[in-house]
Amino acid sequence: MGNKVVRDNFEWVYTDQPHSDRRKEILAKYPQIKNLMGPDPQLKWTVSCMVLVQVLCCYLVRDLSWKWLFFWSYAFGGVINHSLTLAIHDISHNVAFGNKSARWNRLFGMFANLPIGVPYSTSFKKYHIDHHRYLGGDSLDVDIPTDFEGHFFCTPTRKIIWIIIQPLLYVLRPLYVNPKPVTHMEVMNAVVQFSFDLVIYSLWGLKPIVYLIAGSILSMGFHPISGHFIAEHYMFLKGYETYSYYGPLNLLTFNVGYHMEHHDFPSIPGSKLPEVRRIAAEYYDTLPYHTSWGRVLWDFIFCKELGPFSRVKRECELAKKD
């Protein structure tokens with residue numbers, strides 16, 4: 001792709017994110033898109049089946065050798081767990097039960113969280129709203145890497161390490177960039193999660209717990225599905241800060257690849273985002289997009305122009321007031 005430069009800082013911009021204006025323009029031209037907003041009645045059944053599959057797997061892996069345990073954690077359980085984190089992403093937008101049942105969405109997010117092994121869903125919700133409201137916002141959007149990450153993880157080997165430790169960075173970065181008080185819902189999430197872990201351990205021992213947690217860590221690190229972390233907002237072309245992915249892995253990830261469409265219409269469930277693209281094709285087909293998350297990972301690692309600094313960053317009003 002053209003217009004590349006070797007980066008030693010973020011791409012600072014002094015304009016608002018593009019999604020609000022595009023949303024208004026599309027809705028003015030295609031008001032029928034409003035009909036796509038609201039809950040997805042199938043989401044709760046799909047997620048429930050995935051949780052039950054992982055509970056069954058906990059029983060099946062209880063006597064596996066450690067070698068095969070980690071293999072299946074990466075190849076199968078991790079795929080389901082990563083997919084569940086993306087279901088939690090959808091649920092955080094209240095698309096399981098609708099905006100009028102926000103508490104049910106939070107509780108269902110805790111249920112979807114169970115196979116992941118560690119509490120995640122409530123904290124994710126707390127920070128994800130800032131990612132949409134203040135996309136690229138300095139000290140607000142914790143999806144943006146720190147300066148240290150940009151300066152240190154700048155060679156192919158270091159970028160591979162950076163990808164592997166993504167789960168750790170997503171835990172630690174909010175505590176440094178934008179710390180927030182622990183809420184009672186986060187405490188509830190932790191109590192529910194660790195109670196579930198204790199029940200699994202009591203029934204079938206340590207190996208199922210390792211299967212679940214290892215799958216979560218491995219699949220959110222160096223894994224084909226984890227390419228979406230980089231594909232969504234890393235600046236592969238100068239001037240573009242959000243990218244969609246149109247490829248088969250959307251079938252496993254609740255269409256998280258339709259990321260431009262999602263930021264334009266966060267209240268539309270992932271299952272209906274392809275319809276947004278179909279209706280408003282002239283708005284999306286002319287924008288750059290990805291067709292392979294594997295290629296995204298390869299380019300990110302080996303292109304010297306790409307790295308953690310390849311993000312658009314802006315000051316937002318809340319940050320200025322602070």
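The two residues Pro224 and Tyr74 make their nearest non-hydrogen contact at CD-OH, 3.8 Å. Considering all non-hydrogen atoms of both residues, Leu27 and Lys34 come closest at CD2-CG, 3.9 Å. Across Gly77 and Tyr211, no two heavy atoms sit closer than the pair CA-OH, 3.2 Å. Smallest separation of non-hydrogen atoms from Tyr246 and Asn250: CA-ND2, 4.0 Å. Closest non-hydrogen pair, Asp143 versus His233, comes out as OD2-CD2, 4.0 Å. Across Leu86 and His228, no two heavy atoms sit closer than the pair CD2-CE1, 3.7 Å.
No side-chain donor-acceptor contact under 3.5 Å links Asp40 to the backbone of Ser271. The backbone N or O of Leu306 sits less than 3.5 Å from a side-chain atom of Lys159, completing a donor-acceptor pair. No side-chain donor-acceptor contact under 3.5 Å links Ser123 to the backbone of Pro119. Looking only at distances, no side-chain donor or acceptor of Arg311 sits under 3.5 Å from a matching main-chain atom of Pro145. The closest donor-acceptor contact from the side chain of Asn105 to the backbone of Gly98 lies under 3.5 Å. Remark: side-chain polar atoms of His223 are paired, donor with acceptor, to backbone N or O of Ile225 under 3.5 angstrom. Checked by atom type and distance alone, the side chain of Tyr120 never pairs as donor or acceptor with a backbone atom of Leu114 at under 3.5 Å. Within the 3.5 Å criterion, the main-chain N or O of Met235 finds no donor-acceptor partner in the side chain of Lys238. Thr155 places a side-chain N or O within donor-acceptor distance of the main-chain N or O of Arg158, the cut-off being under 3.5 Å. Counting only distance, with no hydrogens or angles, the side chain of Ser219 and the backbone of Gly215 share a donor-acceptor pair below 3.5 Å.
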For this session: Could you go through the side chain to side chain contact (heavy atoms under 4.5 Å, CB included) check for Leu43 and Val47 one step at a time?
Result: CA-CA 6 Å; Leu43 181 61; Val47 169; 3.9 Å; yes

For this session: List the steps and the verdict of salt bridge (Lys or Arg N to Asp or Glu O under 4.0 Å) for Arg23 and Asp264.
Result: CA-CA 5 Å; Arg23 179 187 310 122; Asp264 288 351; 5.9 Å; no

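Using a 4.5 Å heavy-atom cutoff, the side chains of His263 and Glu241 are not in contact. Side-chain contact check for Asp138 versus Cys316: every heavy-atom pair is 4.5 Å or farther apart. In this structure, Ser48 and Phe111 have side chains that are in contact, with non-hydrogen atoms separated by less than 4.5 Å. Residues Tyr234 and Ser310 form a side-chain contact, since some pair of their non-hydrogen atoms from C-beta on lies under 4.5 Å apart. For the pair Pro274 and Asn255, the minimum side-chain heavy-atom distance is below 4.5 Å. For the pair Val296/Tyr243, no side-chain contact is recorded, criterion being any heavy-atom separation below 4.5 Å from C-beta on.
For Lys207, the side-chain contact (heavy atoms from CB on, under 4.5 Å) partners are Trp66, Leu69, not counting sequence neighbours.
Sequence neighbours left out, the pairs with a member in residues 104-126 that pass salt bridge (charged side-chain N to carboxylate O under 4.0 Å, His left out) are Lys126-Glu186.
Relative to the six-membered ring of Phe265, Arg22 misses at least one condition, a distance below 6.0 Å or an angle of at most 45° to the axis.
Taking the charged nitrogens against the carboxylate oxygens, Asp141 and Arg314 have no contact shorter than 4.0 Å, which rules out a salt bridge. Between Glu275 and Arg278 a salt bridge is recorded (basic side-chain N to carboxylate O distance below 4.0 Å). Taking a cutoff of 4.0 Å between a charged side-chain nitrogen and a carboxylate oxygen, Lys313 and Glu11 do not qualify as a salt bridge.
The distance from atom CD1 of Ile217 to atom CG of Leu168, rounded to the nearest 0.5 Å, is 9.0 Å. Summarising the geometry, atom CG belonging to Asp90 is positioned 11.0 Å from atom OG1 belonging to Thr85; distances are rounded to the nearest 0.5 Å. To the nearest 0.5 Å, atom CG of residue Leu273 and atom CG of residue Leu36 are 8.5 Å apart. With rounding to the nearest 0.5 Å, the separation of NE2 in His89 from OG1 in Thr253 is 11.0 Å.
Tested against Ser226, the residues His82, Met220, Gln166 include a single side-chain contact (heavy atoms from CB on, under 4.5 Å) partner, His82.
Relative ring orientation between Tyr170 and Phe229 is described as tilted, the plane-to-plane angle lying within the 30° to 60° band. Using bins of under 30°, 30° to 60° and over 60° for the plane-to-plane angle, the ring pair Phe10/Phe309 lands in the perpendicular bin. In this pair, His128 and His93 present their aromatic rings perpendicular. The plane angle is above 60°, beyond the 30 to 60° band. Taking the six-membered ring where the residue is Trp, Trp298 and Phe302 present tilted rings, their angle falling between 30° and 60°. By the 30° and 60° cut-offs, the orientation of the rings of His262 relative to His259 is tilted. In this structure, Trp162 and Phe153 have tilted ring planes: the angle between them lies in the 30° to 60° band.
A side-chain N or O of Ser216 and one of Asn81 form a donor-acceptor pair less than 3.5 Å apart. Between the side chains of Gln193 and Asn189, no donor-acceptor pair is found at a separation under 3.5 Å. No side-chain donor from either of Glu232 and Thr242 sits under 3.5 Å from a side-chain acceptor of the other.
Note on Val53: it clusters hydrophobically with Val61, by side-chain heavy-atom contacts below 4.5 Å among ILVMFWY residues. Following chains of ILVMFWY side-chain contacts shorter than 4.5 Å, one cannot reach Tyr127 starting from Met188, and the two form parts of different hydrophobic clusters.
In Leu60, the CG atom is crowded: over 12 heavy atoms of neighbouring residues, nucleotides or ligands sit closer than 6.0 Å.
Taking the centre of each ring, His19 and His132 stay at or above the 6.0 Å mark. Checked against a 6.0 Å centroid threshold, the rings of Tyr245 and Tyr289 do not count as neighbours.
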